[in-house]
Engineer: 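What follows is a single structure, and I will ask about it in a moment.
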Amino acid sequence: MAADRKLPKAPIVAALMSQATAWLRCSSLFLSPPATRSLSGRRRRSPFAYPVTTGLFPSLFLTRRTKFSLAISRTHCSLSSSSASVTFGREATAEFYLYNTLTKRKELFRPRVEGKVGMYVCGVTAYDLSHIGHARAYVSFDVLYRFLKHLRYEVLYVRNFTDVDDKIIARANELGEDPLILSSRFCDEFHSDMVHLNCLLPTVEPCVSTHMNQIIDMIKKILDNGFAYRIDDDVYFSVDKFPLYGQLSGRRLEDNRAGERSSKAGEPFWESPWGRGRPGWHIECSAMSAAYLGYSFDIHGGGMDLVFPHHENEIAQSCAACKGSSISYWVHNGFVNVESEKMSKSLGNFITIRQVIDLYHPMALRLFLIGTHYRSPINYSSTQLEVASDRLYYIYQTMCDCEKTLIQNEIENLKGSVPADIEGYLSKFRVDFEQSLADDLHTSVALASFSEPLKIVNDLLHTRKGKKQQMRIDSLRILEKEIKDGLAILGLKPSSFTEALVQLREKALRRAGIKEEQVLQRMEERSSARNAKQYEKSDEIRKELASVGITLMDGPDGTTWRPGLPLHVQEKLAPAA
């Protein structure tokens, strides 16, 4: 997603833009460059203008002074077909409600076509490594994607790449690199980050550079329908033609200003009916969503910062190209703050996904992100990452211990049933988990519902009473399955719990600035001190390790270590006296 896009500045055409006129000076659909030279400086045919075979839906295009279009007509939410019902485990429990930014309320989810969902989410502008704001957005929509699939919908999930943009060109010029090669490289880096965060691949990932035909076609339709105009070789959108513009964001027409993207000599360009140029940012998503989902589909998502102007403009453009254009649900995730301050490069608190997962397990970052409702702002801090990492270790250790016990007892004859109290706990877990996600994806409540089944698993595994429980192995099997299914829906189930635990330990050692050999050496010194009844020294060693997040565990088979909350984090979290 283009999480940090701001309204671009644009030149004002004085003759059309006085306050007394009815024109709002909106978005340019196409902007032509002042020169016809290629990136290398030689005259040649644009290497970017090649045929596209994936649907021919209209799009908007920008040229030399590209302004973006900001017009809108009411999106007609024709809600037909049956509503979604949650079927987790064996029971149907709750209907699925999703908050709609357009109507400002939660609505019962009703897909346009029964059993099928079309979803478009705005992707990244590929000029740099992705940051935790991107992680927040794509993890949120990954949970939505997984939940829809869990509800047995056939989901066509489209997420684009903006690989043609001023920021890409500026970065490429800095590095002396071709803009499309640079953007392709950062698209690959983005994919790597998403794999680490366990985000499923979308069904389709279109790029702007390969969809110029669709973009140009959409601009033609907008012009033909009378919602755009030309000045020289540039194409602009007429915002005043849409009196309902602003219904998504609540912005008034008089609050708007024109935006610009310049196409300078030596920059990429494409051939168009209006000359050589490149598209505006907003038209890209209108064209690509229409190409794969049509002009009317179920869900359009992105960060809250995209509500205006990007999504407001998308509605205007799509409606101008096709009068019946309609999107049923506009879904937006909240912002990310860093240590209670808005994340930005100017404040020096801009954090990439790579920086986080260098010290923390990627699934700990995912757990942290879904620990807050997707529409609420989230405050990133090392303290919260430590808490998430500690909780993740507990979950994975419990599941790993459970797997080992079940493997050891796999030849045991199972009765196919569990005690009534276990079944009662399982039923409550299913209901709590399902209803929380069905209520506008309340992932924090869904996470809390794991507490009781995890506690029961640990009791059955480790306590004297639990080990004597009737149908113990039967209970562990069904508990393991239900917990794993829930973790999978949230995207928290790793390929191997054992491997994930090893990785969590490695990350903890890195944060502590210590090697495992040193930890083992200190454990031996502590054991010797205890044998010599030097308990004060023994306690000092334990505290020393605990201060950096290494917790020693004494048991009947000796002492082991596991990652834990560093003492300074524990003190910060402790309630005030």
Side-chain angles (χ1 to χ4, degrees), residues 131-133 135-136 139-140 143 196-198 333-341 343 349 351-353 355-374 376-400 433 436 442-455 457-458 483 486-487 490-494 497 500-514 542-543 545-553 561-577:
H131 52 67
I132 55 177
R136 207 286 167 89
V139 165
S140 296
V143 172
H196 280 115
L197 290 172
N198 204 29
N333 64 275
F335 295 112
V336 175
N337 297 321
V338 176
E339 302 290 355
S340 300
E341 283 190 303
M343 185 179 70
N349 62 354
I351 300 175
T352 66
I353 296 172
Q355 289 173 310
V356 178
I357 65 177
D358 183 54
L359 295 176
Y360 295 93
H361 196 286
M363 299 297 268
L365 175 56
R366 185 179 180 108
L367 179 63
F368 159 72
L369 291 171
I370 66 176
T372 298
H373 186 250
Y374 77 94
S376 300
I378 189 170
N379 186 44
Y380 175 90
S381 69
S382 58
T383 296
Q384 295 305 317
L385 258 293
E386 290 286 355
V387 171
S389 185
D390 188 62
R391 180 63 178 174
L392 190 71
Y393 192 92
Y394 165 75
I395 295 171
Y396 287 1
Q397 185 66 69
T398 300
M399 299 309 295
C400 185
F433 183 87
S436 60
H442 271 274
T443 49
S444 56
V445 180
L447 286 171
S449 68
F450 284 94
S451 295
E452 191 63 28
L454 288 168
K455 179 180 181 299
V457 169
N458 275 307
I483 293 171
L487 291 174
L490 295 177
L492 289 172
K493 181 177 175 290
F497 289 108
L501 287 171
V502 171
Q503 293 162 359
L504 281 161
R505 290 162 68 92
E506 291 173 349
K507 298 291 186 183
L509 290 170
R510 182 173 298 181
R511 295 195 301 275
I514 191 172
R542 175 191 283 274
K543 187 173 182 179
L545 292 173
S547 66
V548 293
I550 306 297
T551 301
L552 300 185
M553 312 286 290
W561 74 271
R562 58 150 287 176
L565 292 176
L567 291 182
H568 73 276
V569 173
Q570 296 182 39
E571 292 169 359
K572 185 178 294 187
L573 296 173

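Numbers here simply count residues along the sequence, with the first being 1.
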Engineer: Is there a side-chain contact between R511 and S389 (heavy atoms, below 4.5 Å)?
Structural biologist: yes
Engineer: Evaluate L509 against I550 for side-chain contact (heavy atoms from CB on, under 4.5 Å), listing each step before the verdict.
Structural biologist: CA-CA 8 Å; L509 290 170; I550 306 297; 4.1 Å; yes
Engineer: Quick one: closest heavy-atom pair of M553 and R562, and the distance?
Structural biologist: CG-CG, 3.8 Å
Engineer: Taking G491's backbone N and O only, do any of them form a donor-acceptor pair with R366's side chain (distance below 3.5 Å, no angle check)?
Structural biologist: yes
Engineer: Determine whether more than 12 heavy atoms belonging to other residues, nucleotides or ligands lie under 6.0 Å from atom NE2 of H196.
Structural biologist: no
Engineer: Using the ring of each side chain (for Trp, its six-membered ring), is H361 parallel, tilted or perpendicular to Y396, with breaks at 30° and 60°?
Structural biologist: perpendicular
Engineer: Can you measure from OG (S547) to CG (L567) and round to the nearest 0.5 angstrom?
Structural biologist: 5.5 Å
Engineer: Is it true that a side-chain atom of Q355 and a backbone atom of T352 form a donor plus acceptor pair closer than 3.5 Å?
Structural biologist: yes
Engineer: Of N198, L490, I132, L197, which is the lone residue that meets side-chain contact (heavy atoms from CB on, under 4.5 Å) with V139?
Structural biologist: L197
Engineer: From the options V356, N337, N349, select the one residue that forms a side-chain contact (heavy atoms from CB on, under 4.5 Å) with Y380.
Structural biologist: V356
Engineer: Would you check if Q397 and F497 make a side-chain contact, meaning some heavy-atom pair closer than 4.5 Å?
Structural biologist: no
Engineer: About how many Å separate CE of M399 and CG of L492, when rounded to the nearest 0.5 Å?
Structural biologist: 12.0 Å
Engineer: Do side-chain atoms of R510 reach the backbone of D358 as a donor and acceptor pair under 3.5 angstrom?
Structural biologist: yes
Engineer: Quick one: does S140's side chain have a donor or acceptor within less than 3.5 Å of a partner on R136's backbone?
Structural biologist: yes
Engineer: Give a yes or no answer on whether the side chain of N333 reaches the backbone of Y374 with a donor-acceptor pair at less than 3.5 Å.
Structural biologist: no
Engineer: Between R542 (side chain) and L552 (backbone), is there a donor-acceptor pair under 3.5 Å?
Structural biologist: yes
Engineer: Indicate the atoms forming the closest heavy-atom contact of F433 with G486, along with that distance.
Structural biologist: CZ-O, 3.5 Å
Engineer: Is the side chain of K507 donor-acceptor paired with the backbone N or O of I357 at a distance under 3.5 Å, no angle test?
Structural biologist: yes
Engineer: How close do T443 and I370 get, heavy atom to heavy atom, and via which atoms?
Structural biologist: OG1-O, 2.6 Å
Engineer: Just verifying a value: how many Å separate I395 CD1 and D390 CG, rounded to the nearest 0.5 Å?
Structural biologist: 10.0 Å
Engineer: Within the structure provided, determine whether M343 and H131 are in side-chain contact (heavy-atom separation under 4.5 Å).
Structural biologist: yes
Engineer: Give the minimum heavy-atom separation between G133 and V336, together with the two atoms involved.
Structural biologist: CA-CG2, 4.0 Å
Engineer: For C400 versus L501, what's the shortest heavy-atom pair and its separation?
Structural biologist: CB-CD1, 3.7 Å
Engineer: Could you tell me the separation between the OG1 atom of T383 and the NE2 atom of H568, rounded to the nearest 0.5 Å?
Structural biologist: 6.0 Å
Engineer: If I take atom OH from residue Y393 and atom OG1 from residue T398, how far apart are they, to the nearest 0.5 angstrom?
Structural biologist: 10.5 Å
Engineer: Given 3.5 Å as the limit, does a donor-acceptor pair link the side chain of R391 with the main chain of F368, or not?
Structural biologist: no
Engineer: Going from CG on L367 to CG on L447, what distance comes out if it is rounded to the nearest 0.5 angstrom?
Structural biologist: 5.5 Å
